[in-house]
**Student:** 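Could you have a look at this structure, given as structure tokens, before my questions?
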Amino acid sequence: VSREAIRDLVAEYGLRLDEDRLEDWVELFVEDCRYTVISRENVAQGLPQPLILCENKDMLRDRILSYREVNEYNLHTDTHVIGPLRFRSPADIEASYSLFQTDNEGTSRLFSVGRYEMAAVIEGDRARLKSVRVVVDTAAVPTLLATPI
Amino acid sequence: VSREAIRDLVAEYGLRLDEDRLEDWVELFVEDCRYTVISRENVAQGLPQPLILCENKDMLRDRILSYREVNEYNLHTDTHVIGPLRFRSPADIEASYSLFQTDNEGTSRLFSVGRYEMAAVIEGDRARLKSVRVVVDTAAVPTLLATPI
Amino acid sequence: VSREAIRDLVAEYGLRLDEDRLEDWVELFVEDCRYTVISRENVAQGLPQPLILCENKDMLRDRILSYREVNEYNLHTDTHVIGPLRFRSPADIEASYSLFQTDNEGTSRLFSVGRYEMAAVIEGDRARLKSVRVVVDTAAVPTLLATPI
């Protein structure tokens with residue numbers, strides 16, 4: 001059961017972002033959560049400096065709010081394709097991802113590849129996110145305008 | 001059991017297309033089926049106009065037949081990489097996909113990204129497709145020469 | 001149980017390569033194993049000539065050793081995104097993959113797409129690889145410098 005709950009959670013993670021349901025994406029997290037985006041290079045060199053750091057759910061909410069205010073026109077759409085899950089424990093997984101963006105002209109491009117490290121809390125037959133660390137391979141630096149990866 | 005049947009079906013969907021076994025791909029559908037390809041833009045704007053519409057299995061068969069007649073030489077090969085499944089019900093799923101094409105010179109390119117919305121019929125330990133709607137992010141318009149997405 | 005063991009194995013296959021844990025990747029194989037990379041064109045034409053052939057685990061070890069000696073500086077990082085599994089039997093699977101490489105300048109590119117054909121041995125709740133055939137769509141020829149696909 002718990003593996004299915006985790007699989008459902010990972011599917012929701014990507015699909016809600018792709019649907020531009022960012023507020024619903026935030027609801028996949030528990031209140032006392034952590035969301036980090038960090039480059040692979042920094043991880044390899046032991047440099048803790050992340051590209052994005054949200055230390056609780058309110059910070060995540062703020063980030064989405066800011067994005068909504070700045071980004072009046074949807075500049076791109078996202079497609080996340082996530083690979084098979086490594087279960088480090090029943091509720092901790094790792095998985096690689098590819099993220100494609102399509103611009104207003106209809107051109108799709110590879111935007112980011114890397115890996116998710118997720119820790120979840122299992123509540124009955126569903127799961128919510130306790131922490132997500134996204135280790136990005138690419139130097140593409142997410143800005144305020146960027147949607148979460 | 002039913003989730004495994006659906007996972008098997010989705011795997012077959014992509015792999016049979018990639019193997020150029022288009023006639024066997026059609027056999028994944030029930031007779032009274034529907035296959036639609038529509039752009040994400042049209043879905044967002046509530047425009048029902050699809051890029052491709054097959055309203056039953058005979059229309060799908062005709063489409064593949066036409067493709068085989070026109071396309072004497074295989075101009076490209078496909079690779080579908082499909083992401084994790086969102087189960088909307090035991091037999092209804094959504095999943096994002098990336099589709100790459102490789103031409104005769106051996107160059108692989110991103111061809112299309114988007115999302116599948118599939119409804120299946122579960123028959124014992126296997127499943128068949130009742131309807132597939134492919135929501136494509138890209139402006140790449142499938143033509144008669146195109147293989148199914 | 002056995003399907004989960006195979007899924008775990010496939011996830012480890014990609015993630016260990018992406019982590020540059022090549023020696024640990026070799027440990028996913030049994031001693032009497034086979035690892036082949038062959039082009040889709042050669043498979044279609046019935047030409048058995050592979051691009052890479054390791055006929056047992058020692059040959060795999062040698063290949064990784066040579067790679068480590070030649071490649072003092074890590075020239076790229078890999079991200080494998082593997083699609084859903086077709087179970088040909090409880091221990092034999094096929095799956096499509098996309099492989100992205102990121103260079104030192106931080107640019108990520110599609111490097112190879114194709115398909116895995118894997119045969120595994122199930123040992124309790126885990127599985128190990130008996131044979132892997134990678135059918136690559138792209139003409140990109142893996143060299144001594146290349147990491148496994």
Side-chain angles (χ1 to χ4, degrees), chain B residues 1-21 24-25 28 73-87 93-113 115-116 118 120 125-127 129 147 149, chain C residues 1-8 10-11 13-14 18 37-45 47 51 78-90 92-101 107-118 133-142 149:
Chain B
V1 170
S2 74
R3 281 195 161 201
E4 288 303 295
I6 299 292
R7 288 196 178 103
D8 289 348
L9 180 64
V10 172
E12 286 300 321
Y13 183 101
L15 290 168
R16 289 188 189 184
L17 290 178
D18 295 348
E19 293 165 321
D20 194 34
R21 289 170 52 204
D24 294 336
W25 172 81
L28 296 175
Y73 308 98
N74 194 20
L75 301 172
H76 65 267
T77 57
D78 287 342
T79 299
H80 290 74
V81 181
I82 304 173
L85 308 188
R86 167 193 276 167
F87 285 89
I93 63 100
E94 293 174 6
S96 62
Y97 72 85
S98 51
L99 169 54
F100 305 92
Q101 289 195 342
T102 304
D103 62 22
N104 280 341
E105 279 76 43
T107 304
S108 295
R109 287 190 194 83
L110 179 64
F111 177 70
S112 173
V113 292
R115 154 184 316 222
Y116 293 124
M118 296 182 178
D125 61 353
R126 64 191 285 264
L129 290 163
T147 41
I149 295 180
Chain C
V1 169
S2 74
R3 281 195 162 202
E4 288 303 296
I6 299 293
R7 287 195 179 104
D8 289 348
V10 172
Y13 183 100
D18 296 348
V37 179
I38 189 167
S39 73
R40 185 164 170 152
E41 202 175 13
N42 274 22
V43 170
Q45 297 179 356
L47 302 171
L51 298 165
D78 286 342
T79 298
H80 290 74
V81 181
I82 303 175
L85 309 189
R86 166 193 277 166
F87 284 90
R88 298 194 70 89
S89 82
D92 299 321
I93 63 99
E94 292 174 6
S96 61
Y97 72 86
S98 52
L99 169 54
F100 305 92
Q101 290 195 342
T107 304
S108 295
R109 287 191 193 83
L110 180 64
F111 177 70
S112 172
V113 292
R115 155 183 314 221
Y116 294 124
E117 299 171 359
M118 296 181 178
R133 187 167 84 148
V134 187
V135 182
V136 293
D137 274 8
T138 41
V141 179
I149 295 179

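Every chain is numbered from 1, with letters handed out A, B, ... down the list of sequences. Values below: every heavy atom of this structure, side chains too, minus hydrogens, waters and symmetry copies.
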**Student:** Under a 4.5 Å heavy-atom cut-off, does chain B meet the side chain of C/L85, its backbone, both or neither?
**Tutor:** backbone
**Student:** Check whether B/F87 forms a cation-pi arrangement with B/R3 (NZ or CZ under 6.0 Å from the six-membered ring centre, at most 45° off the ring normal).
**Tutor:** yes
**Student:** Mind ranking C/P84, C/A44, C/A95 by heavy-atom pairs under 4.5 Å with chain B and telling me who comes out on top?
**Tutor:** C/P84
**Student:** Going by side chain to side chain donor-acceptor pair (under 3.5 Å), name the residues that satisfy it together with B/Q101, two or more places apart in sequence or in a different chain.
**Tutor:** B/H76, B/D78
**Student:** Heavy atoms only, distances under 4.5 angstrom: which of B/D103, B/V10, B/L110, B/I82 has the most pairs with chain C? Name it, please.
**Tutor:** B/I82
**Student:** Quick one, C/S96 and C/Y116 - any side-chain contact, counting heavy atoms below 4.5 Å?
**Tutor:** no
**Student:** Checking heavy atoms, do the side chain of C/E94, its backbone, both or neither come under 4.5 Å from chain B?
**Tutor:** both
**Student:** Are B/E19 and B/R16 ion-paired here, with the side-chain N under 4.0 Å from a carboxylate O?
**Tutor:** no
